[in-house]
Amino acid sequence: MSFAKKIIEWYHDHQRDLPWRNTRDAYKIWLSEIILQQTRVEQGMPYYLRFVDRYADVLAFANASEDDILHLWQGLGYYSRGRNMHKAAGIVRDMYQGEFPKSYVELIKLPGVGEYTAAAISSFSNDEQQAVLDGNVFRVLSRYFGVETAINTPAGKKIFTQLAKDNLDRDYPALYNQAIMDFGALHCKPKSPLCGECELQLDCFAYTHGMVADLPVKIKAKKSRNRYFHYFIIQKDDEILMSKRGASDVWENLYEFPMIETSEALEGLEITAHPEFVALFGPEVTISLLQRNKKHVLSHQNIYATFYSVLSSRDLEQKKVNWNYVLLKDLDKLAKHKLIFSFLETAKL
DNA sequence: AACGCGGGGAT
DNA sequence: ATCCCAGCGTT
């Protein structure tokens, strides 16, 4: 029996019932695929349900504002996905008359849709013969066929792309793609895979050679850097000063409190001697510490955030173009990153 | 070819 | 602590 048939056989007995598998609507499949990029099914599920409920079709999605999309995306991470989705929806509205494309060659042109996502949507919505290659597929193929080339190198990508294509079930591309990903997620897991009860055991290179724990090979990421953020809570009557983050850094276009970044950790109220602080607030300022060195871990950096309460007599709204006073009761409506919304949950302003 | 980009769960 | 998740875009 072919590799594909064995995978599909496993799938018949073990598949998950997921909402985006019960539709051929390319819009809904697109929604699920973008949400699930680098995101576990359990984590993405509530977001998927919220999005299909709020935006029933791509036109509703396109006609929302980017702020609205990011607000619904809040807490899911990798926010460029939300921004790119909004751009893509606008393209589908303006260039495709609101009809979501279903072919690989059209899908891959959309922002946020790469090779994996184009293969997934075109096979699931239109039975195109496109093999998906995601983290699950890399792992299953490397173990079963014994490929030791690192998966996160161009050479590895080339080998695995070919291997994925060669093993695609040409008669049932959608079924096979779903099957191999579920097999990787539920059975051929990164840690403690279920080899003991695996029907593919005797044909699996890694199992027969005692290399299951060694595959796939992956080049390790470099170490995270440390950053120190100082956030200022500035209230005026029933309003609070908020700032919208710019490009070329984390959390692009999300809202937060006005802040200063320093290259080293600071003690107590040392921030008041910082040139940037003096330029913003001047000498006539009252400041107090609210929360110190809250650690926030991203995949590529460690952020240490300190929160201060600030009373200033200056007109601070004009200090920066991205600064604006927001009614406290409207704070919930802004798209914020986790550091900010989790501070607000405990702060009770 | 390498890097930047979140947040959370499993081990 | 470390790994990795239905990856993509930029440099």
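Please read all numbers here as calculations on a predicted model, not as lab measurements. Naming convention: chains lettered A, B, ... in sequence-line order (proteins, then strands); numbering from 1 in each chain.
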In whole angstrom, what separates Leu298(A)'s CG from dC3(B)'s P?
17 Å
When rounded to the nearest Å, what value does the distance between P atoms of dG6(B) and dT10(C) take?
14 Å
Expressed as a whole number of Å, how far does the P atom of dA6(C) sit from that of dT11(B)?
14 Å
Salt bridge (charged side-chain N to carboxylate O under 4.0 Å, His left out) partners of residues 172-195 of chain A, not counting sequence neighbours, each pair once:
Arg16(A)-Asp182(A), Arg21(A)-Asp182(A)
CD of Glu99(A): more than 12 outside heavy atoms within 6.0 angstrom?
no
Determine the interplanar angle of the Phe183(A) and Trp10(A) rings, folded into 0 to 90°, and report it as parallel if under 30°, tilted if 30 to 60°, perpendicular if over 60°.
perpendicular
With a 4.0 Å cut-off, would you call Asp330(A) and Lys333(A) a salt bridge?
yes
Does the gap between the ring centers of Phe307(A) and Tyr231(A) come in under 6.0 Å?
yes
Pairs involving residues 106-116 of chain A, ordered by first then second residue, that meet salt bridge (charged side-chain N to carboxylate O under 4.0 Å, His left out) (sequence neighbours left out)
Glu106(A)-Lys109(A), Glu115(A)-Lys157(A)
Using a heavy-atom cut-off of under 4.0 Å over every strand shown, decide if Glu252(A) touches base, sugar-phosphate, or nothing.
nothing
Phosphate oxygens OP1/OP2 of dG7(B): is one of them under 4.0 Å from a side-chain N or O of His296(A)?
yes
Specify the separation, in whole Å, of atom CD of Glu33(A) and atom P of dG7(C).
9 Å
Please list every donor-acceptor pair under 3.5 Å in which a side-chain atom of residues 319-328 of chain A meets a protein atom from a residue at least two apart or in another chain.
| from | atom 1 | to | atom 2 | distance (Å) |
| --- | --- | --- | --- | --- |
| Lys319(A) | NZ | Ala279(A) | O | 3.1 |
| Asn322(A) | ND2 | Lys244(A) | O | 3.3 |

Counting only side-chain heavy atoms from C-beta out, which of dG8(B), dA6(C), dC5(B) sits nearest to Gln178(A)?
dA6(C)
Please check the phosphate of dG7(B) (OP1 and OP2 only) for any side-chain N or O of Tyr79(A) closer than 4.0 Å.
yes
Under the salt bridge (charged side-chain N to carboxylate O under 4.0 Å, His left out) test, residues paired with Lys87(A) that sit two or more places apart
none
Do Trp73(A) and His337(A) have their ring centres less than 6.0 Å from each other?
no
For a quick check of understanding: with a heavy-atom distance under 4.0 Å over all strands, which category does Arg139(A) fall into, base, sugar-phosphate or nothing?
sugar-phosphate
Short side-chain N/O contact from His300(A) to OP1 or OP2 of dC5(B), under 4.0 Å
yes
is_close_aromatic(Phe232(A), Phe257(A)), centroid dist under 6.0 Å:
no
Measure from CG on Asn302(A) to C1' on dG6(B) and round the result to the nearest Å.
13 Å
For Asp127(A), enumerate each residue passing the salt bridge (charged side-chain N to carboxylate O under 4.0 Å, His left out) test, keeping only those at least two apart in sequence or located in another chain.
Arg24(A)
What is the distance, rounded to the nearest whole Å, between atom CG of Leu18(A) and atom P of dC5(C)?
17 Å
Sequence neighbours excluded, the answer for salt bridge (charged side-chain N to carboxylate O under 4.0 Å, His left out) partners of Arg40(A) is none
According to salt bridge (charged side-chain N to carboxylate O under 4.0 Å, His left out), does anything in residues 256-271 of chain A pair up with another residue at least two apart or in another chain? List the pairs.
Arg227(A)-Glu261(A), Arg245(A)-Glu256(A), Glu267(A)-Arg292(A)
Residues from residues 68-78 of chain A sitting under 4.0 Å of DNA chain B, heavy atoms only?
Gly75(A), Leu76(A), Gly77(A), Tyr78(A)
Asn136(A) and Arg139(A): side-chain donor and acceptor closer than 3.5 Å?
yes
List the steps and the verdict of side chain to side chain donor-acceptor pair (under 3.5 Å) for Thr262(A) and His230(A).
CA-CA 8 Å; Thr262(A) 60; His230(A) 303 268; 3.0 Å; yes
Which residues, if any, of residues 142-171 of chain A bring a heavy atom under 4.0 Å of DNA chain C?
none
Quick one: is dG6(B) close enough that its OP1 or OP2 comes under 4.0 Å of any side-chain N or O from Gln38(A)?
no
Can you hop from Met259(A) to Leu290(A) via hydrophobic side chains spaced under 4.5 Å?
yes
Whole-Å gap separating P (dG4(B)) and CD1 (Ile303(A)):
13 Å
Pairs under 3.5 Å (N/O, protein and nucleotides 9-11 of chain B):
none

To the nearest Å, give me how far apart CZ (Phe124(A)) and P (dA6(C)) are.
12 Å
Tell me: CZ of Arg245(A) to C1' of dG4(B), nearest whole Å?
13 Å
For the pair Phe205(A) and His209(A), name the ring-plane relationship: parallel under 30°, tilted 30 to 60°, perpendicular over 60°.
parallel
Could you tell me if Arg50(A) sits above the aromatic ring of Tyr47(A), with its cationic atom closer than 6.0 Å to the ring centre and no more than 45 degrees from the axis?
yes
In terms of side-chain heavy atoms of Asp249(A), which of dG7(B), dC5(C), dC5(B) is nearest?
dC5(B)
Taking atom types as they are modelled, is there a donor-acceptor pair under 3.5 Å from the base of dG6(B) to the side chain of Thr39(A)?
yes
Would you list the protein and nucleotides 8-11 of chain C atom pairs, both N or O, that sit under 3.5 Å from each other?
| from | atom 1 | to | atom 2 | distance (Å) |
| --- | --- | --- | --- | --- |
| dC8(C) | OP1 | Gly114(A) | N | 2.8 |
| dC8(C) | OP1 | Gly114(A) | O | 3.4 |
| dC8(C) | OP1 | Thr117(A) | N | 3.1 |
| dC8(C) | OP1 | Thr117(A) | OG1 | 2.7 |
| dC8(C) | OP2 | Tyr116(A) | N | 3.4 |
| dG9(C) | OP1 | Gly112(A) | N | 2.3 |

Which whole-number value in Å describes the distance from Leu31(A) CG to dA6(C) C1'?
14 Å
So, with a heavy-atom separation below 4.0 Å from DNA chain C, the residues of residues 211-230 of chain A are Lys218(A), Lys220(A)
